[in-house]
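Note sheet for the following structure.
Only heavy atoms go into these numbers, but all of them, side chains included; no hydrogens, no water, no symmetry mates. Position 1 is the first residue of the sequence; numbering continues from there. All ligand and atom numbering here is 1-based and tracks the order in the structure. The structure displayed is predicted, hence computed values, not measured ones.
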Amino acid sequence: MTKLLVTGGAGFIGANFVHYTLQHRPEYAVTVIDKLTYAGNKANLESIMDKIEFVQGDICDKELMDKLVADCDIVVHFAAESHNDNSLREPWPFVETNIVGTYTILEAVRKHGKRLHHISTDEVFGDLELDDPNRFTENTAYNPSSPYSSTKAGSDHLVRAWVRSFGVQATISNCSNNYGPYQHIEKFIPRQITNILSDIKPKLYGTGEQVRDWIHVDDHNEAVHLILDKGVMGETYIIGADNDHVNNKMVIELICELMGKGSDWYEHVNDRPGHDLRYAMDSTKLRQELGWKPRFTDNQTGMRDGLQQTIDWYKEHTDWWQAQKEAVEAAYAKQGQ
Ligand code: NAD
Ligand code: DAU
């Protein structure tokens, strides 16, 4: 069996990746390494704990990473500090985990000759004007805006340099905004769903005209698997599901509608400083070269079914999020958000 070491496997996308892998890819044995920060939750893996190995630890820990990498075939690197708003409050953990952590993994895969797949974001490209019809491609120049996106950009550059200078066997994917089960309630979509479930009005930053190219987390993870199967070493792949016509206001209105509220049952709050306007992804290379196709693209917003499934998950898992709700909202309230 091929041994996968999944960093950040107790977080949102990582945990979904582990579940997806166990369901669809029996050829892999999975070890998860996760620090269990505020964003990591062992409960995300509870139902499959007996089928994986779980190590609580820090990707910046050189000895630990050396040992775990030596013992696996492929590293799939999800672990990161991931939330823009937090990076504006306190940037240091982002520099440490996203840059030093990725460096530590690169040195371990270099030493042991192991393959790495590095998970990254569309935010490394900065943003487009709202009326710009262009989309990001694998050749778009890097121009990150926030402490979060600049540290992800730094981590991508490290991977590219280790490929070129040391011949490390690595691939990179840059994906747009994910949604689905197990997403921390600090993020836009689960925050609004759990607001409505808590009888709090959803909160829209600024005008809400900003565009995120939403993708269901399972579509992202299937793309990661195709890259593991068929990706070319040293290459970057853009992952996006063509939802770049959907702005934040439309998403909030759809959530309100699906949850039985009037479509205007939300309020505008302070905007995010330096708020990126528009992301749009051109995933032609992934589709044509690796044969990827998103499944959650069924109607005019491309999100209705995926959002309904996500809403149902938060309704059915109140124990998973309720204890955190007050603290998350209190932190936002301090910023008028
Ligand atoms: P998340 O915040 O939900 O999870 C991150 C996980 O990493 C947590 O389990 C946390 O405990 C763990 N972690 C953090 N620091 C660590 C450290 N030093 N050592 C070990 N583990 C550590 O994040 P997510 O949304 O699941 O994002 C996963 C990856 O995907 C990130 O690299 C992110 O940049 C990227 N990404 C996210 C999105 C998105 O929409 N969420 C889109 C594109 C790319
Ligand atoms: O684009 C990929 C990125 O998507 C990932 O790299 C990040 O890890 C992930 O957090 C996400 O970043 P965003 O900053 O785009 O996601 P967030 O969920 O924080 O916000 C999405 C949009 O919604 C953004 O335009 C800000 C807005 N927003 C957010 C919150 C929390 C609101 O309008 N109201 C809110 O309450």
Side-chain angles (χ1 to χ4, degrees), residues 6-17 32-42 44-45 55-61 64-65 76-88 93-94 96-98 100-102 104-105 118-125 127 136 144-146 148-149 151-152 155-156 173-180 182-192 195 202-215 217 220-221 224 239-240 247-249 251-252 266-272 274-279 281 328-329 332 335 337:
V6 180
T7 75
F12 162 47
I13 305 176
N16 277 287
F17 177 81
V32 168
I33 151 88
D34 197 295
K35 188 176 174 180
L36 298 181
T37 66
Y38 80 97
N41 189 344
K42 235 175 149 175
N44 297 353
L45 301 170
V55 179
Q56 182 172 359
D58 191 331
I59 56 164
C60 301
D61 181 337
L64 177 64
M65 291 318 294
V76 189
H77 176 31
F78 290 94
E81 284 292 337
S82 71
H83 194 44
N84 276 300
D85 290 322
N86 294 344
S87 80
L88 296 163
F94 290 75
E96 189 173 41
T97 287
N98 300 357
V100 180
T102 301
T104 309
I105 290 169
H118 175 63
I119 305 291
S120 193
T121 169
D122 56 0
E123 299 201 7
V124 298
F125 304 119
D127 63 347
F136 300 135
S145 316
S146 74
Y148 162 68
S149 53
T151 58
K152 289 299 289 186
S155 68
D156 291 10
S173 52
N174 296 87
C175 187
S176 53
N177 286 64
N178 285 220
Y179 69 97
Y182 301 110
Q183 186 166 31
H184 195 282
I185 57 166
E186 68 191 352
K187 303 290 200 287
F188 179 54
I189 287 177
R191 182 179 183 207
Q192 314 316 334
N195 274 348
K203 314 285 183 204
L204 187 62
Y205 291 179
T207 62
E209 289 168 299
Q210 297 79 9
V211 172
R212 299 295 183 263
D213 197 344
W214 293 100
I215 181 171
V217 64
H220 180 182
N221 283 328
V224 172
I239 308 173
N247 67 28
N248 292 344
K249 187 165 170 287
V251 174
I252 268 200
Y266 63 88
E267 58 192 22
H268 293 268
V269 293
N270 285 345
D271 209 348
R272 173 184 285 171
H275 198 170
D276 278 348
L277 293 173
R278 168 178 170 77
Y279 305 144
M281 301 292 263
V328 169
E329 290 308 313
Y332 276 125
Q335 299 164 182
Q337 293 177 323

Test side chain to side chain contact (heavy atoms under 4.5 Å, CB included) applied to Y279 and D122, T121, V211, the passing residue: D122
All salt bridge (Lys or Arg N to Asp or Glu O under 4.0 Å) counterparts of D85, not counting sequence neighbours: R272
Once salt bridge (Lys or Arg N to Asp or Glu O under 4.0 Å) is applied, do any residues pair with E96, and if so which ones, sequence neighbours excluded? none
Return yes if some donor-acceptor pair links the side-chain N/O of [X] with the main-chain N/O of [Y] below 3.5 Å, else return no.
X    : Y    : result
N270 : Q335 : yes
N41  : A39  : no
T7   : A79  : yes
D213 : M281 : yes
D34  : A10  : yes

Residues lining ligand 2 [heavy-atom distance under 4.0 Å, listed by chain and residue number]: S82, H83, N84, T121, D122, E123, Y148, S176, N177, E186, K187, F188, R191, Q192, K203, L204, Y205, R212, N248, R272, H275, Y279, Y332
Could you report the tightest heavy-atom contact between S87 and Y148, atom names first, then the distance? OG-N, 3.1 Å
Can you list every protein residue that has a heavy atom under 4.0 Å from any atom of ligand 1, sorted by chain and residue number? G8, A10, G11, F12, I13, D34, K35, L36, T37, A39, G40, G57, D58, I59, F78, A79, A80, S82, T97, I119, S120, T121, Y148, K152, C175, S176, N177, N178
